[in-house]
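Throughout, protein chains are lettered first and strands after them, A, B, ... in sequence-line order, and every chain is numbered starting at 1.
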Amino acid sequence: MSRIAFPFLTLSESAVTATSWSISLNESEWAPAGDYLQDWDPASSIRLRRQIFIDPSIAAADLQLDKNDLKFFASVRFGTGQGRLPRLVLGRESRVLEAESWMVDFDIEVPGEALSTVLDLSTRITLATSISVPAPLAPSRIGDQLWSDRVRVRLEGEEPRFPIEVGDIQALLGDAVSASAPWYLHWSPRDWSRDFHGAMRLYLNSTHIEFIERIEAQDPMMIQMLMADVMGQVCERLITDPDVNDLFFSAEPGSLAAQASSWLRKAWPGKDPDFIRSVFDNRPGIFRASFVALADLGD
Amino acid sequence: MTLLPRLPPLAAERILESYLSTGPDQWRGFNANELPEAVRFTPTGGSPIAARKLEELREGILAIAKNNGFGGKGTRAELSCFDAQAAAWLADQSVLASGEALRDDVWAFVAIVMFPDIANWRFGDSPERYLGGVRNTLQRLWMRGKLFDRGQESLDRWGLLEKLTEDAFVQITERPSLGGNPVLAIAIAEAWVRASLHHGKGAMESLTRRAMLQIRARNEVRSLDELPAESLVAVLDLIFETPAAELHGSSTMEVNSREASTLNGVASHALTTAATRLLDEARRWNLLSPKSNAALQSILALEFQLTLSERNALRYLLERMEGIGLLESEIRVLGTAIY
């Protein structure tokens, strides 16, 4: 389901059959929801549908619950707005999965005018009843999360996965030497709780035409260097922040701190901030090279 | 559908820099008929907002600001009143009711082009108060108005905007996993108000920080917005350490009795209090390992089913803290619970 360590058993993928989301824009033909919806504008209307089925035998075994105790909510939250998490959850639809029917349908209409940049669809299956005498690891409380998935559909073209923009860097940086750099990462380490995507923007220098062409052509080495620079800059500042322990262990999901911590964990699995800080202090070359290597893996 | 003006980030930086370097006193004022060249509207799906509407927005906020000391330095009380009144007013504006108002570049336009004088009066030169984002002077107020609106039928519709402190607003709205969910956000705000009545506002800052950590951790494994309203109230009051019986009567006791569970005979409240102090102290002494941190976070989230390795890590941490002579009684509470 995710990297969260749940304190109770959850549903396996074989217990849940969830169809992919289908989408219809302005009553057009249904089509699979991709990561980008063309032709959306605020006057559009969007319909979405999917079906969810639970196999009660597998579910009972997965959760160590009596089959007669099984009752679930399947719910969909639809939200919108820039960022990794929706700025605003616009609504929630919930259905009950129980012995009468182990299959539910969702058919949701979302008015275009309520949307902004991204449509975020989060589906969850949760326990819908309290279990009075549960097995030691069984879920037991209403709302315990047992399965989830999440789909994000971009609606507006200017919101790429990582915010990149071709710009006049000299206008931004003035006559400083840095203004002639091929790229410039615009961000501030002052606020680690900011949403990662809202907190930074990578500007490609409009005067470096050949460089921009190589990025547009997705030249792997160029992209690797760019991403390594982004990762290195952010991680260096996080690991030297006086509050690094708080930030590393308790970052808000989707925040700048959470993203940096995730990169650091990938570079040094199982190590704590003290260890990573010592690498940065004593072996800065290794520190940076780790991100160059990680960027090659598409991380 | 009204389309709102957008000021792209690069242009926003440039115009802001010019405003701040020239000096706010030199600002020539807002002219709704002459927007900066960089301003864009989405090409389809509605009509760009009329100049008259922009002027009305400007006049509305300006009137609220003037009533609250704009022109002078503004006392803390005046600034706070401005925030509450402007938040309610912005949330009630139909031109700001669409998804357009969720965009950072729209609010960069609002703060930098329409209201740099108000942003400067309220926060001085700090760029994050002008550029789009959760700290934008007016974007944050609009979001508060949207989230903490008790509804038109309420006799005290905007009461939360007056009762919550700035710290409480920040704690809720700057955490996307909570602040983006109106059901949770308003429930947390109401719980905060009940807690502040019980504990006093002076005690709320540290309590709110602890509570938000717990709420976030619990919401990861349990869909809190899925709970019946009275159960959500009970869960949040427990986290905010507000006695349920004092405020709600018996209807929430079923949930409370389950929530107020024990671990080896130690009450959850005593455990979370001890865990909070131990966590703070262990961080200060740099004693936390990922596993002992996870164990303490689980206890704070009232999730007592620790893994064997988390339990061992926690034992080791307690032994080290005991060796240093830290928090003897808290170590005893936690030790009793896990041994």
Worksheet, complete the sentence: residues 72-83 of chain A vs salt bridge (Lys or Arg N to Asp or Glu O under 4.0 Å), sequence neighbours excluded, gives A:Arg77-B:Asp225, A:Arg77-B:Glu226
Worksheet item: For residues 240-249 of chain A, which residue pairs qualify under side chain to side chain donor-acceptor pair (under 3.5 Å), counting only residues two or more places apart or in two chains?
Response: A:Trp192-A:Asp241, A:Asn245-B:Asn286, A:Asp246-B:Arg283
Worksheet item: Which bit of B:Leu279 is near chain A, if near means a heavy-atom gap under 4.5 Å: side chain, backbone, both or neither?
Response: neither
Discussion item. Taking side chain as everything from C-beta outward and backbone as N, CA, C, O, which of these in A:Pro111 sits under 4.5 Å from a heavy atom of chain B? Side chain, backbone, both or neither.
Written reply: neither
Worksheet entry | Under 4.5 Å from any heavy atom of chain A - which part of B:Leu224 | neither
Response to the item:
Turns out that what part of B:Thr42 lies under 4.5 Å from chain A's heavy atoms comes down to side chain
Discussion item. As an exercise: rank B:Pro9, B:Ser98, B:Pro8, B:Ala294 by heavy-atom pairs under 4.5 Å with chain A and give me the winner.
Written reply: B:Pro9
Worksheet item: Using non-hydrogen atoms only, which part of B:Arg175 is less than 4.5 Å away from chain A: side chain, backbone, both, or neither?
Response: both
Worksheet item: Which region of B:Leu184, side chain (C-beta onward) or backbone (N, CA, C, O), has a non-hydrogen atom less than 4.5 Å from a non-hydrogen atom of chain A, or is it both or neither?
Response: neither
Worksheet item: More than 12 foreign heavy atoms under 6.0 Å from CD of B:Glu37: is that the case here?
Response: no
Discussion item. Let's go through B:Glu128 and B:Arg140 carefully: what are the C-alpha distance in whole Å and the side-chain angles of both, what is the deciding distance for salt bridge (charged side-chain N to carboxylate O under 4.0 Å, His left out) to 0.1 Å, and is it a yes or a no?
Written reply: CA-CA 11 Å; B:Glu128 65 188 0; B:Arg140 76 193 223 296; over 6 Å; no
Worksheet item: Any ion pair linking A:Arg201 and B:Glu13 (charged N to carboxylate O, less than 4.0 Å)?
Response: no
Discussion item. Are B:Arg218 and B:Ser223 packed together at the side-chain level, in the sense that at least one heavy-atom pair is separated by less than 4.5 angstrom?
Written reply: no
Discussion item. As an exercise: rank B:Met1, B:Glu17, B:Glu174, B:Arg216 by heavy-atom pairs under 4.5 Å with chain A and give me the winner.
Written reply: B:Arg216
Response to the item:
Among B:Pro182, B:Gly133, B:Pro127, the residue with the most heavy-atom pairs under 4.5 Å to chain A is B:Pro182
